[in-house]
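Worksheet: one structure, shown below.
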Amino acid sequence: MKDTSFHGENFRRRSRYIAVFSGLVIAFAVTVVLNINTGNVHISVPKILRILFLRDGAATEYSIIWRIRLPRILMAAMLGGALSLSGFLLQTFFANPIAGPFVLGISSGAKMVVAMTMIIFLNYMGHFSSYTLIVAAFIGSLISTGFILLMSKKVHHMAALLVGGIMIGYICSAVTDFVVTFAEDSDIVNLHGWSQGSFSGMSWSNVKVAALMVGITLILTFFLSKPIGAYQLGEMYAQSMGVNIRVFRVLLILLSSVFSACVTAFAGPISFVGIAVPYLIKHLLGTAKPLVVIPATFLGGAVFCMGCDLIARMAFAPLELNISTVTSIFGAPIVIFMMIKGRKGK
């Protein structure tokens, strides 16, 4: 009888996983088509398929899809997935569903160092590469994370630690504003557009760099699946399973920082994705198993950011909204719901 019950539960769990992943894949495909299909120039689905697979079509439509829309869609998908996984890793580290790169001030730290780097390089060198921005964003992420870790040794209450992270974010934003005050007018224009968060202006060179950085970090995250699963059951249990807690926590922070740095370097700071998406995915799957949650979270983040980018482009076309404006509209209510639900559960 118990064996039958176990197999029945296992079947229901697998069916749920299949349903969620199928839904995400369908949503991904639909969102990709809608993003390519809609815009100032409407292109029909048959034409899109012919241009994508046969490389055949009108020169204008071909250029719009391959040079403008496709790089933007791919970057929105990769960076959305990266930001969601960054949130998942931070939530694992702090054992708190509200932890995320934006809330903890990590994105603000990355923004601060990237702003300084952009101003210095534009003034003295006239240009900078994608790798330069990623390194700058990574350093900024680590600076913010370092302060949070120092606070965690003194402040053991998680709510106070989150407030501390928010304060670090404000400090980094204040430093960024201070630096921008003394920047050249042309630099301020570049910084302002970038700091608002957007997937516009992406190129294939951006896609290649982001794919390399995000791809390697994603593979490394998969390798940490078993330690993450053990850590979710408590530090003592993880240690008993042979996990080196100190090394493991450093790896979590480094991987989360790389994900967050890639997003901030290319698209600017984007809010609430890192909190809302992991929560929704875990709620839909009914599990926190890393091997299942990691790919689903990446795919969910990709769908979420592509959908938000579509709304940002089309809601008030030809005027384009900032991506953080849209992600906040959809992400903030989810975070509020999480906090209310968590409070009721106590």
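Under the 4.5 Å side-chain heavy-atom criterion for grouping Ile, Leu, Val, Met, Phe, Trp and Tyr, Leu34 is not connected to Ile51 through any hydrophobic cluster. In the hydrophobic clustering of ILVMFWY residues, with side-chain heavy atoms under 4.5 Å counting as a link, Leu255 and Ile134 come out together. By the rule that hydrophobic residues join a cluster once side-chain heavy atoms approach within less than 4.5 Å of another member, Ile26 and Ile36 end up as members of separate clusters. In terms of hydrophobic clustering, with Ile, Leu, Val, Met, Phe, Trp and Tyr side chains grouped at heavy-atom distances under 4.5 Å, Val243 and Met236 are assigned to different clusters. Criterion: ILVMFWY side-chain heavy atoms under 4.5 Å apart, direct or through other members. Under it, Leu319 and Met314 are not part of a common hydrophobic cluster.
Asn35 places no side-chain N or O within donor-acceptor distance of the main-chain N or O of Val32, the cut-off being under 3.5 Å. Gln232 places a side-chain N or O within 3.5 Å of a backbone atom of Ala288 that can act as its donor or acceptor partner. In this structure a side-chain-to-backbone donor-acceptor pair under 3.5 Å is present from Thr145 to Ser141. A donor-acceptor contact shorter than 3.5 Å is absent between the side chain of Thr31 and the backbone of Val303.
The CD1 atom of Ile245 sits 9.5 Å away from atom CG of Leu252, with the distance rounded to the nearest 0.5 Å. From Phe147, atom CZ reaches atom CG of Leu142 across 12.0 Å, with rounding to the nearest 0.5 Å. To the nearest 0.5 Å, atom CD1 of residue Ile143 and atom CZ of residue Phe138 are 11.0 Å apart. The structure places OG of Ser198 at 4.5 Å from CD of Glu320, a figure rounded to the nearest 0.5 Å. Taking CG from Asn206 and CZ from Arg72, the interatomic distance works out to 12.5 Å, rounded to the nearest 0.5 Å. Atom-to-atom distance recorded for Cys262:SG and Phe266:CZ is 6.5 Å, nearest 0.5 angstrom.
Just one residue in the list Ser324, Cys305, Ser86, Cys308 forms a side-chain contact (heavy atoms from CB on, under 4.5 Å) with Val273, and that residue is Cys305.
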- Message: Applying side chain to side chain contact (heavy atoms under 4.5 Å, CB included) to Phe304 and Leu280, what does each step give before you reach the verdict?
- Response: CA-CA 11 Å; Phe304 186 81; Leu280 284 175; 5.5 Å; no

- Item | side chain to side chain contact (heavy atoms under 4.5 Å, CB included) evaluation trace for Val175 with Met116 | CA-CA 10 Å; Val175 173; Met116 291 178 178; 3.6 Å; yes

- Message: Does Leu70 form a side chain to side chain contact (heavy atoms under 4.5 Å, CB included) with Val207? I'd like the steps, not just the answer.
- Response: CA-CA 10 Å; Leu70 206 54; Val207 172; over 6 Å; no

- Query: Hey, mind stepping through Arg69 and Ile43 against side chain to side chain contact (heavy atoms under 4.5 Å, CB included) and telling me if it holds?
  - Reply: CA-CA 11 Å; Arg69 293 183 184 175; Ile43 305 172; 3.9 Å; yes

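The side-chain heavy atoms of Pro101 and Leu83, taken from C-beta on, include a pair separated by under 4.5 Å. Taking the side chain as every heavy atom from C-beta outward, Ile253 and Leu90 approach each other to under 4.5 Å. The shortest side-chain heavy-atom distance between Phe298 and Thr221 does not fall under the 4.5 Å cut-off. Arg249 has its side chain within reach of Glu235: a pair of non-hydrogen atoms, C-beta onward, lies under 4.5 Å apart. Looking at heavy atoms from C-beta onward, Phe272 lies out of side-chain contact with Phe330 at the 4.5 angstrom threshold. Annotation: side chain of Ile294 is not in contact with side chain of Leu224 (no heavy-atom distance under 4.5 Å). Counting only heavy atoms from C-beta outward, the side chains of Leu89 and Phe93 never approach each other to under 4.5 Å. Between Phe199 and Met306 the shortest side-chain heavy-atom distance does not fall below 4.5 Å.
Scanning both residues, Ala82 and Phe259, for their nearest heavy atoms gives O-CB, 3.3 Å. Taking every heavy atom of both residues into account, Gly274 and Gln91 meet most closely at O-NE2, 3.2 Å. Between Val113 and Gly140, the shortest heavy-atom distance links the atoms CG2-CA, 3.4 Å. Listed here is the closest heavy atom pair of Thr264 and Ser107: CG2-O, 4.1 Å. Heavy atoms only, all atoms of each residue included: Val20 and Leu284 are closest at CG2-O, 3.7 Å. Nearest heavy-atom pair across Val292 and Phe21 is O-CZ, 3.5 Å.
Glu61 has no carboxylate O lying under 4.0 Å from a charged side-chain N of Arg50, or vice versa, which leaves the two without a salt bridge.
No hydrogens or angles considered: a donor-acceptor pair under 3.5 Å links the side chains of Ser271 and Ser328.
The ring-ring contact (aromatic ring centres under 6.0 Å, His included) pairs that include a residue from residues 223-251 are Tyr231-Phe248, where partners are two or more places apart or lie in different chains.
Annotation: salt bridge (Lys or Arg N to Asp or Glu O under 4.0 Å) contacts of Arg313 (sequence neighbours excluded): none.
Counting non-hydrogen atoms of neighbouring residues, nucleotides and ligands closer than 6.0 angstrom, the CZ atom of Phe222 exceeds 12 such neighbours.
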